[in-house]
Engineer: 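There's a structure below that I have some questions on.
Small disclaimer: the values here were computed from a predicted structure and weren't measured. Proteins come first, then strands; the chains are lettered A, B, ... in the order of their sequence lines, and each starts at number 1.
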2 protein chains.
Amino acid sequence: MKDNHQRPSVTVDIVIFSIREDELQVLLVRRDIDPFKEKWALPGGFVKIEENLEEAATRELREETGVKDVYLEQLYTFGDVKRDPRERVITIAYMALINSENIKVEGKTDVSDARWFAIKKLPLLAFDHKKIIEYSLKRLMWKFEYTSVAFSLLPKEFTISKVQKIYEIVFDKIFDKRNFAKKLLSLNVLEEKGIKKDVSHRPPMLYSIKKNIPKIIEILKV
Amino acid sequence: MKDNHQRPSVTVDIVIFSIREDELQVLLVRRDIDPFKEKWALPGGFVKIEENLEEAATRELREETGVKDVYLEQLYTFGDVKRDPRERVITIAYMALINSENIKVEGKTDVSDARWFAIKKLPLLAFDHKKIIEYSLKRLMWKFEYTSVAFSLLPKEFTISKVQKIYEIVFDKIFDKRNFAKKLLSLNVLEEKGIKKDVSHRPPMLYSIKKNIPKIIEILKV
DNA sequence: TGAATAGTGTCTTTCAGACAATATGCC
DNA sequence: GGCATATTGTCTGAAAGACACTATTCA
């Protein structure tokens with residue numbers, strides 16, 4: 001290999017989704033340096049020379065949210081020459097799905113400020129991060145239709161109506177309760193975990209997802 | 001941005017698919033330098049510092065095959081620390097689909113040797129290129145199920161049985177002629193282009209694909 | 001018993017998939 | 001007429017989607 005080529009910088013950026021306040025939200029950090037100082041941006045940073053890409057993404061995720069063991073998926077690599085005004089930066093975008101109940105510390109970040117934003121009310125974003133989030137939302141919906149990633153947004157035990165709720169949030173659409181439950185249960189990926197207590201109405205069945213279910217399960221066609 | 005980070009090299013590698021001799025084939029080049037000298041590898045090369053990723057992929061594709069205006073899609077980025085024994089190299093893999101009839105010159109390459117290989121009879125491959133090809137085959141099948149990319153492997157005008165043929169090759173499976181035609185025509189993405197001549201049997205209808213058809217059309221569930 | 005949510009069944013329509021006979025053009 | 005491939009329709013079973021009533025717990 002000839003060594004006379006200029007090397008770009010390489011970063012990872014992570015679109016961290018969670019369901020909070022009955023909305024689909026994304027975690028953003030406020031930049032404290034130029035360019036785009038004071039603007040909001042995706043959490044991310046340089047890939048270290050001795051670090052795999054997924055390790056870099058996992059590290060950034062932990063630094064921002066303190067969570068581990070979350071769903072993490074490589075999305076797409078954005079590398080337009082002018083996407084960073086300073087120098088050539090290629091970024092590998094990842095998507096993470098976390099159940100907000102798992103987040104211990106919200107401000108556990110070295111960046112000045114971190115906040116959750118509803119996907120429908122994003123602030124002005126640095127770089128091409130708007131494009132990255134739009135892309136990741138498409139991917140998220142696709143994944144909701146064809147896989148079981150939705151359960152990554154829920155705690156270990158959940159009710160059917162909680163599952164339906166996050167589908168309705170992600171697709172911004174109401175589903176029929178009977179058809180939804182029929183479809184979900186027919187997939188044979190859930191197991192009963194007993195009745196939920198402490199509710200002032202008919203108590204629902206709790207479910208958890210079985211181990212080792214196939215990746216593609218075609219939950220919902222929308 | 002601090003400038004004290006080490007930069008990896010970044011390349012693009014392209015999985016170029018075509019249907020040839022009733023097989024799904026991939027174009028490979030033989031390496032004439034170490035490491036993996038004499039081994040076969042995916043066509044690819046460094047991303048230039050002033051070149052977008054897709055431009056780099058397009059350029060490499062043209063250098064190897066002489067074709068332009070082909071289907072090109074970014075697949076996935078492979079960046080394991082040890083995937084290149086010399087130094088850190090992150091590669092952005094692309095998939096290209098070409099209709100072999102369009103290839104003008106096969107040996108139009110600066111690499112010592114380029115050859116088509118059946119996907120089922122691949123030689124020993126350099127780096128992690130076997131993994132990349134396996135990944136791209138999965139993506140290709142996925143795309144065949146849910147989109148109209150299959151037509152990128154065909155000339156402008158084609159018969160229904162040619163379409164069925166490439167589906168059978170890609171999925172390595174025989175489909176029922178009546179059901180296939182029924183499904184394909186019901187999608188309403190084809191237009192008739194007249195009757196093919198010069199065949200010594202009942203002449204088939206030629207079709208072309210309409211402009212501006214939606215990306216997701218769910219051609220075949222396999 | 002009223003409020004709140006859980007849980008459940010039927011009917012209709014659509015579509016995938018199994019299956020084979022006839023049509024056309026060339027020799 | 002024989003050969004080669006093109007073209008086409010029906011039936012069945014499964015699943016999607018429309019639709020509403022009963023059940024359970026607590027206050």
Engineer: Could you tell me whether B:Ser161 contacts a base, only the sugar-phosphate backbone, or nothing, with contacts defined as non-hydrogen atoms closer than 4.0 Å?
Structural biologist: sugar-phosphate

Engineer: Is a salt bridge present between B:Arg59 and B:Glu55, judged by a nitrogen-to-oxygen distance below 4.0 Å?
Structural biologist: no

Engineer: Can you tell me how far P of D:dA20 sits from CZ of A:Phe180, to the nearest Å?
Structural biologist: 21 Å

Engineer: A:Leu206 CG to C:dT5 P: how many Å, rounded?
Structural biologist: 16 Å

Engineer: Could you check how far NZ of B:Lys196 sits from C1' of D:dA6, rounded to whole Å?
Structural biologist: 13 Å

Engineer: Rounded to the Å, how far apart are A:Met205 CE and D:dT25 P?
Structural biologist: 11 Å

Engineer: Mind calculating the distance between CZ (B:Arg178) and P (C:dT22) to the nearest angstrom?
Structural biologist: 13 Å

Engineer: CG of B:Asn52 to CD1 of A:Ile90: how many Å apart, nearest 0.5 Å?
Structural biologist: 9.5 Å

Engineer: B:Phe158: what forms a ring-ring contact (aromatic ring centres under 6.0 Å, His included) with it, not counting sequence neighbours?
Structural biologist: B:Phe151

Engineer: Suppose we screen for side chain to side chain contact (heavy atoms under 4.5 Å, CB included). Which residues come up paired with A:Thr147, at least two apart in sequence or across chains?
Structural biologist: A:Lys143, A:Val149, A:Ile216

Engineer: Under 30°, 30 to 60°, or over 60°: which ring-plane class applies to B:Phe171 and B:Tyr167, parallel, tilted or perpendicular?
Structural biologist: parallel

Engineer: Using only heavy-atom distances, decide whether a donor-acceptor pair under 3.5 angstrom links the side-chain of B:Lys177 to the base of D:dT7.
Structural biologist: yes

Engineer: Indicate for each nucleotide in nucleotides 10-15 of chain C, in 5' to 3' sequence, whether protein heavy atoms under 4.0 Å reach the base (B), only the sugar-phosphate (S), or nothing (-).
Structural biologist: B-----

Engineer: Return yes when atom NZ of A:Lys156 has more than 12 non-hydrogen atoms of other residues, nucleotides or ligands closer than 6.0 Å, and no otherwise.
Structural biologist: no

Engineer: Atom CD1 in A:Ile14, atom CG in A:Leu27: separation rounded to 0.5 Å?
Structural biologist: 9.5 Å

Engineer: Below 3.5 Å between N/O atoms, which protein atoms pair up with nucleotides 25-27 of chain C? Just atom names and distances, please.
Structural biologist:
residue	atom	partner	partner atom	Å
C:dG25	N2	B:Ser200	O	3.4

Engineer: Only counting residues at least two apart or in another chain, list the ones meeting ring-ring contact (aromatic ring centres under 6.0 Å, His included) with A:Phe117.
Structural biologist: A:Trp40

Engineer: If I take atom CG in residue B:Asp176 and atom P in nucleotide D:dT8, what distance separates them, rounded to the nearest angstrom?
Structural biologist: 14 Å

Engineer: Within this structure, what is the NZ-to-C1' distance between A:Lys165 and C:dA4, rounded to whole angstrom?
Structural biologist: 15 Å

Engineer: What is the distance from CZ of B:Phe158 to P of D:dA6, rounded to the nearest Å?
Structural biologist: 14 Å

Engineer: Going by side chain to side chain contact (heavy atoms under 4.5 Å, CB included), name the residues that satisfy it together with B:Ile195, two or more places apart in sequence or in a different chain.
Structural biologist: B:Pro203, B:Met205

